[in-house]
Amino acid sequence: MAALGLCRAFGALLLSAGPRRVRPPPLPSGPQPWLPGPVSAPAACRGLGGSAPRCTTDPLWKCRAKYTVRPVGMKKTGGRDHTGRVRVRGIGGGHKRRYRMIDFQRLRYEEGAPPEPFTEKVISVRYDPCRSANIALVAGGNRKRWIIATENMQPGNSITNSPHISRMAVSASEGDAYPLGALPVGTLICNLESHPGKGAQYIRAAGTCGVLLRKVNGTAIVQLPSKRHMQVLETCVATVGRVSNVDHNKRVIGKAGRNRWLGKRPHTGLWHRKGGWAGRKIKPLPPMKSYVNLPRVKAVE
Amino acid sequence: MVVAVMVAGPMALGRAGVVAAAAAARGLATRAGRPRHRSPLPRTPWTVRGPPPEVLAELAEPRSVREQVELDTVTYAERLHYVPGLARPRFPAWDRGWRDPWHTPGPRYEEMALYKERGCYICHQGVRMLEGVRQAQWLTKTKLVEGLPPAVQGILDNPALGLQELEERAEHMVSHARLWDTAEVAPRRERYCPMLFENLIHICRLMSGKFPSLSKRMLARNCRIAATWERESFLLQVRGLSGILMNSMTPIPPVASKEEILATKEHVLETFYPIAPTIDLQEVNVYKELNDTGFRDGYPYSHPHTLFFLESANVRTDRFRPEQLRAKMLMFAFGNALAKAKALHGNDPKVLEQPVVVQSIGTDGQLFQFMVFQLNTTDLVSNDGIKNLVWIDSDQNLYERAQCVPEVKKRVVTKPAGISGFQPDTFKKFLALYLHGTV
């Protein structure tokens, strides 16, 4: 009896519990015929009070499997996580944005195409509300896709994507994508990936560029914009040139309203004495980050 | 003598070595070497090196992470309730047990009757070609000529037809469609574009008093067109609702002379590497190779005369840009012509002695695109040979501005109300294309 009430109360907290139909209380309709056997009176159960965090954001807009060039509607989170509470302060409001699916893996071949070098043509370069860099619509073969535009990309340019590494370094022009082993030492690169085929995750912000420092038997060492050194396999693909929108850091916000349009809510005005924000910071360079796995000794026969 | 195989680490080595050394030190006579078993040795870490064959097979073809996780972890599936600490099980998909027609997933593409391995590229009303008219030209093996053909120019310049009086009527019609036809301040494009088209067709029909053969025309809306052709290893189709089609009882006579048709042999179609010519077309694997004009045999008005395309969406992004509109006009004119040619002369690819001519007009209420397409050949597989011809007159403004409310800046009327910048030539071209074929 009490267990039944407890189970009902627990059931009310379940996410999968559908809308419960309230059963009308049995009407007292005259003397009921006594049934043989014990009859349990309806238990007087006390529902359990309490609250459990439910997922309030619906991340279904991110679950699109097929790639499209058309912009996809986005839902803003306002800095809230799946429980509904503020996880990151200072995010909220701002102009509505639509997400354009960017293809960060430059060496993505069409289905049915051989893994050979291929060219694409830049159709247009436009502003992207979701990032500081500009994006370019490129078309090649039977498909179109968005990529991060480099500094001097104009509509009508041709860009090549090649997976081959030859003994002689390739004289790459801006916007092309080559593996790091094929580029000459000292080239400015962007859209770098840490593992081959993973997709670019580094050096994507407006105006940034990394420098290919040296190539050491099978790996390449790149200096990131933060002056940190990164060691990756030489088959990782990177784009040549600086990312577009070079004057992004020189822009002047001008007024508080523009920050609100960008979706940034105001800071607190409280001065934190020990915040550590002021003054020159002199730190030693962190050690080189290596994404190359050392060969493991396998005891398998 | 079998050398003792030292395996499983230094401990066994130590023990075996110690035993052997102890036996040798005590001077005992021991059996030399290892005991030889008759049957295969039992599997122990001292008898066999390496993992058992199941694990080796496992490493050869690894299971997916999900399978591995499910086999390795303990889930709370048997307990029938959530237990903190145990993994979340993946339950099998619920099976209804019987086929509910409202809730079945439907057949997959591979199981459908019309599924074919070879893909077909379909051009329909919603296809916006990236390269525009150049792409449509390659797909239809067509040569482009700027301006209208001389036959239509002849109708334009012919003073005996009395086109001057109709200019006033045309301006009235534009004002009606753009200014007068609403109870609100200004009519929306969804309203004024079809209204303008109806009005212009009305003026054209008034000419049938002077030319009785003009009454042998018929207007059809929402008729379906289907045409299939092969183009250099691509299978292409034009499908869908064909806009507004005007049919006539007699076909339009060929517009180009024989010399012009033969001269198209030397013309080279332009390609646009690295873009494939089938970009933006919808690729399907389930299709039917169909050639259908949309009308049954024996219908008196059987020859396609003119296609009209109205871009009447309110939102600018839903409308086709002029370049995309011209490409669509070309594809559908070609589709109608090809379906008619195949109905008349059969499905075999060949050069037509009697070329089929289809006209096409596209508008968004202000800009007009005029096109005359002549189908010379149905042999479209190769890139050389006789090509089809198209004459395009693009971006003709019918009027500059239609102001419903006068624009006043600083108490001075900058733009007065009404239609300004009316171009009678555009209307004359519209009328000429209507009269072409019977005059």
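Each chain gets a letter, A, B and so on, in the order its sequence line appears, and its residues count up from 1.
A salt bridge (Lys or Arg N to Asp or Glu O under 4.0 Å) check over residues 86-95 of chain B, counting only residues at least two apart or in different chains, returns the pairs B:Glu70-B:Arg90.
Atom CZ of A:Arg64 has more than 12 neighbouring heavy atoms from other residues, nucleotides or ligands inside a 6.0 Å radius. Under a cut-off of 6.0 angstrom, the local environment of OH in B:Tyr109 is sparse, with at most 12 non-hydrogen atoms contributed by other residues, nucleotides or ligands. In the displayed structure, B:Trp102 atom CH2 is contacted under 6.0 Å by at most 12 heavy atoms of other residues, nucleotides or ligands. For B:Lys116, the NZ atom is densely surrounded, since the number of other residues' heavy atoms within 6.0 Å is greater than 12.
Closest of all the heavy-atom pairs between A:Asn142 and B:Ile279 is OD1-N, 3.4 Å. Scanning both residues, B:Ile275 and A:Ala139, for their nearest heavy atoms gives CG1-O, 3.9 Å. Residues B:Pro274 and A:Thr119 share a closest heavy-atom pair of CB-O, 3.3 Å.
Here B:Glu283 contributes atom CD and A:Glu111 contributes atom CD; the two are 7.0 Å apart, rounded to the nearest 0.5 Å. Note that NZ of A:Lys144 and CG of B:Asp280 are 3.5 Å apart. Values are rounded to the nearest 0.5 Å.
Only the side chain of B:Tyr121 comes within contact range of chain A, with heavy atoms under 4.5 Å apart. Of the atoms belonging to B:Leu281, not a single heavy atom falls under 4.5 Å from chain A.
For B:His124, the side-chain hydrogen bond (donor to acceptor under 3.5 Å, both in side chains) partners are B:Gln282, not counting sequence neighbours.
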